[in-house]
Amino acid sequence: MQDYLQGLNERQREAVLHIHGPIMIIAGAGSGKTKVLTTRIAHLMASGVDAFNILALTFTNKAAKEMKERVEHILGNNEARNLYIGTFHSVFARILRADAHRLGYPNNFTIYDTDDAKSVVKTVINEMHLDDKLYKPATVYNRISAAKNALVTPLDYANDYYIQQEDMRANRPALAKIYDAYCKRCFKNGAMDFDDLLLKFYELLKTFPDLLSKYQHKFKFILIDEYQDTNPAQYAIIKMLGAMHENVCVVGDDAQSIYSFRGATIQNILQFQKDYDDVKVVKLEQNYRSTQNIINAANSVISKNKGQIPKVLFTENASGEKIKVVKTMSDNDEGKFIADTIQEQKLRNHFANKDFAILYRTNAQSRAFEEALRRLNIPYTIYGGISFYQRKEIKDLLAYLRLIINTKDEEALKRIINYPTRGIGKTTVDKIILLANTHNITMWEVLENAPQFGFRSGTLEAINEFVTMIKSFISMLGKHNAYEVAFHVGKQTNLVKELFNDKSTEGLQKYENIQELLNSIKEWVESPDNEEGEVVDKTLGAYLQQITLLTDADEKDPDADTVKLMTIHAAKGLEFECVFAAGLEEMLFPNVMSINTREELEEERRLFYVVITRAKKKLWITYAHTRYKFGSLVQNEPSRFIEELPEEFLDRTYAGGGTRLLSSFSPGGSAFDRLNGGWGQDTVLDAERKYGPPPSKKTTPSYLSPKPEPKVKEHTPTPGFVASDVSEIQVGKRVEHQKFGFGEVIKMEGASHNPMALIRFEHNGEKKILLNYAKLRVVE
DNA sequence: CCACACCTGATTTTT
DNA sequence: TCAGGTGTGG
């Protein structure tokens, strides 16, 4: 028997050894799913399957990377680099890069992230003269996204009776039109959003039999991770790709399906068995991760859900400690408690920082934990903030790069046409947009042909300068690599200089970020590693497409010795020695947005199941009596999920952390509290009297803040006030201002298209006056 | 044209 | 709280 089969249990081995034909692996939490997948790939290759014929799809880059590394490790050679392992989005994007032109897109199509996409939605809504209060871009975008994920085209959408009824009821009958306009605009921009990467690939396969056949032959063996989280578009693609060989292996756990809001449907699991004649089903039910207590608790939680694939997770691990349930007074106390407990556990049980994870329902909760950890100097890493590539300054530079790769990309163009300012303001941009729309050309084409559209001479000059500059960048593309182009662009546009001159903390940070971006591009250009084994594409276009699909999780080192903070969603697939499940409160978890239907509530419960099963050894469940929600203090009920945990697995008396803490929280389960349905009788006022006001009081009461009265001493302009010509304003001249009265010009500054004068007024101090707009009269 | 002050309205989870 | 939108004054 091959080495790699050692250490697999009966079921796992069964899953690995089944080579031909469809197989579905129902893998409970911590049952060695990744091990099975990677070993299976290794086994396929050991059995003579060419790495080039294996496609493995995951949901995150992290999972893809891990899978690849583990296969490499098992095989001990570099054949693994020929595997096609990646996320749905990145793999499809790569394929589309070769064939997108067949659908009328440029192969260098831009990938719009969520922000770009929402911005397009907004543009479309405005151009249709619809009320953006009624049609909120975010909501509309979500709806469009849902439609795309369900393979509902704009035409389908408009013709579907039920959808139309729904939109009517929601008072947004124009949605179908917006959807259509949005798609057309993206197409015109030569851009695809995240959903398009799936949808357009699907269209490609469906429309062009030669391509379908090509990829069916290439991908003789297909493996799908986290199958419970696939949406109908992904399902349809997998089905088409796998139709020829039927060597499709899906791995999933219906109990961990937590992405239905993104269009994922459990139906895909149930449907899988119907799609093929003979599906082998393997259940992995032995958990190797957690203690018995944790597993038992998790099982009883998930049993509250109706309709699931029957299975019972079990473990041979020690029974372990009970789950600590802890109540704190406030969200800040929750943070303190957790930080103190981490400190204590590190000392007492010799845990490292990286053994801890604080997991929560919403990103907004992270602040209290950050503050508390920082106070104790405990290093931490937050996941789920904005990615490096989504920072403003980074997106600005990237927008230039995007534009020179794809001049149709209007989102990029709009972003940088006047940044840094070059005298092409809102009025001009609006005019350009109008011209583009009426002539049915792109904004760039308007700019290129600006002379024939009658712009004011100054504006025209600014436009021509801009066009010349961008064209000079474009001409670099053939001769220079991505780094050289990016560096040149940063320099030439003064973007780097602008940030360099900004001496504020943020300015410095931004400058450093730009440098970091340039470095990373350089690194990317120089790294010999290729992704999936084929010809290395080191063009700027390839770079841009790749980074849009990166999340902040991909930029952080998971092995760093830091406490990890992230949402439960982001923690899927991970495990930690010690887990804090925080914020177990009604309206927060289960979230207020998800308590209206049984389906939603069950998904929240699965989320609870996921967080419980992340823990290997120790699990704390915390909840706070009061919490700041969008600025104001609210009181909370404990989560119903806590009540669903059998008492036998719980320890409600845990006092935890340092002694200092004991005064600032009441440990969850005094008999009185429990008798009274959970909460003590403290009012918020009581709480504040006892424990002091909550921290982070940045706002001083209005009656204390000294109002800086900007007393302008009244001035009546001399009769017959006439503003002098700008050229007459010179240093040393005595001038009169309509409002500020008389003063002397001290200094001239500002760019030539926007001159400013620094003037010291007799009664109103020094002021900067913009000569183009303010009226000044030179006193003779 | 642009900087800044003020106001308002929104808040789930993410490739 | 906070980001984005609007209004105002330079």
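Lettering of chains follows the sequences in order, A, B, ..., and the numbering in each one begins at 1.
Distances shown here put a side-chain N or O of A:T428 below 4.0 Å from the OP1 or OP2 atom of B:dC1. For the OP1/OP2 pair of B:dC1 and a distance below 4.0 Å, the side-chain nitrogens and oxygens of A:T427 include at least one atom meeting the criterion. Not one side-chain nitrogen or oxygen of A:T114 sits closer than 4.0 Å to the OP1 or OP2 atom of B:dT14. Contact check, A:K426 against B:dC2: no side-chain N or O comes under 4.0 Å of OP1 or OP2. For A:N418 and B:dC2, the shortest distance from a side-chain N or O to OP1 or OP2 is below 4.0 Å. An OP1 or OP2 oxygen of B:dT14 is reached within less than 4.0 angstrom by a side-chain nitrogen or oxygen of A:N363. For A:N61 and B:dT15, the shortest distance from a side-chain N or O to OP1 or OP2 is not below 4.0 Å.
By the 30° and 60° cut-offs, the orientation of the rings of A:F589 relative to A:F608 is perpendicular. Classification of the A:F92-A:F88 ring pair by plane angle, with boundaries at 30° and 60°, yields perpendicular. Ring pair A:F194/A:H89 is perpendicular by interplanar angle, where above 60° counts as perpendicular and below 30° as parallel.
Among C:dT1, C:dG4, B:dG9, the nucleotide with an atom closest to any side-chain atom of A:K122 is C:dG4. Comparing atom distances between the A:E604 side chain and each of B:dT12, B:dT11, B:dT15 picks out B:dT12 as nearest. Minimum atom distance to the side chain of A:H89 is reached by B:dT15, of the listed B:dT13, B:dT15, B:dT11.
Annotation: of the two residues near DNA chain B, A:K133 and A:L607, the 5′-most nearest-nucleotide partner is A:K133. Across the interface with DNA chain B, nearest-nucleotide mapping of A:T139 and A:T551 shows A:T139 to be the residue nearer the 5′ end.
Backbone-only engagement by A:Y259 is indicated by non-hydrogen atom pairs under 4.0 Å involving sugar-phosphate atoms exclusively. Residue-level contact check: A:F59 touches the backbone only, with heavy atoms under 4.0 Å from sugar-phosphate atoms and none from bases. At the heavy-atom level, A:K136 lies under 4.0 Å from the strands shown only through sugar-phosphate atoms. Among the atoms of the strands shown, none is found under 4.0 Å from any heavy atom of A:D113.
As a whole-Å value, the separation of A:F88 CZ from B:dT15 C1' is 11 Å. The OH-P distance, from A:Y609 to B:dT13, rounds to 24 Å in whole Å. Between A:N591 atom CG and B:dT13 atom P the separation is 8 Å, expressed in whole Å. As rounded to whole Å, 13 Å separates atom P of B:dT14 from atom CG of A:L574. Atom-to-atom, OH of A:Y141 to C1' of B:dT14 comes out at 10 Å; the value is rounded to the nearest Å. Atom pair A:K629:NZ and B:dT12:P shows a separation of 11 Å (rounding to whole Å applied). Between the CZ atom of A:R422 and the C1' atom of B:dC1 there is a distance of 14 Å, rounded to whole Å. One interatomic measurement links the two molecules: CD of A:E603 to P of B:dT14, which rounds to 12 Å at whole-angstrom precision.
Annotation for A:E461: atom CD does not count as buried by contact number, only 12 or fewer foreign heavy atoms lying within 6.0 Å.
Of the N and O atoms on the side chains of A:S119 and A:E411, at least one donor lies less than 3.5 Å from an acceptor on the other residue.
Distance check on atom P: C:dG4 versus B:dT13 gives 16 Å, rounded to whole Å.
Once the 5.5 Å centre distance and the 30° plane angle are applied, the aromatic ring of A:F261 is found stacked with the base of B:dT13.
Geometric assessment of A:R606 against the ring of A:Y609 yields a negative cation-pi assignment under the 6.0 Å and 45° thresholds.
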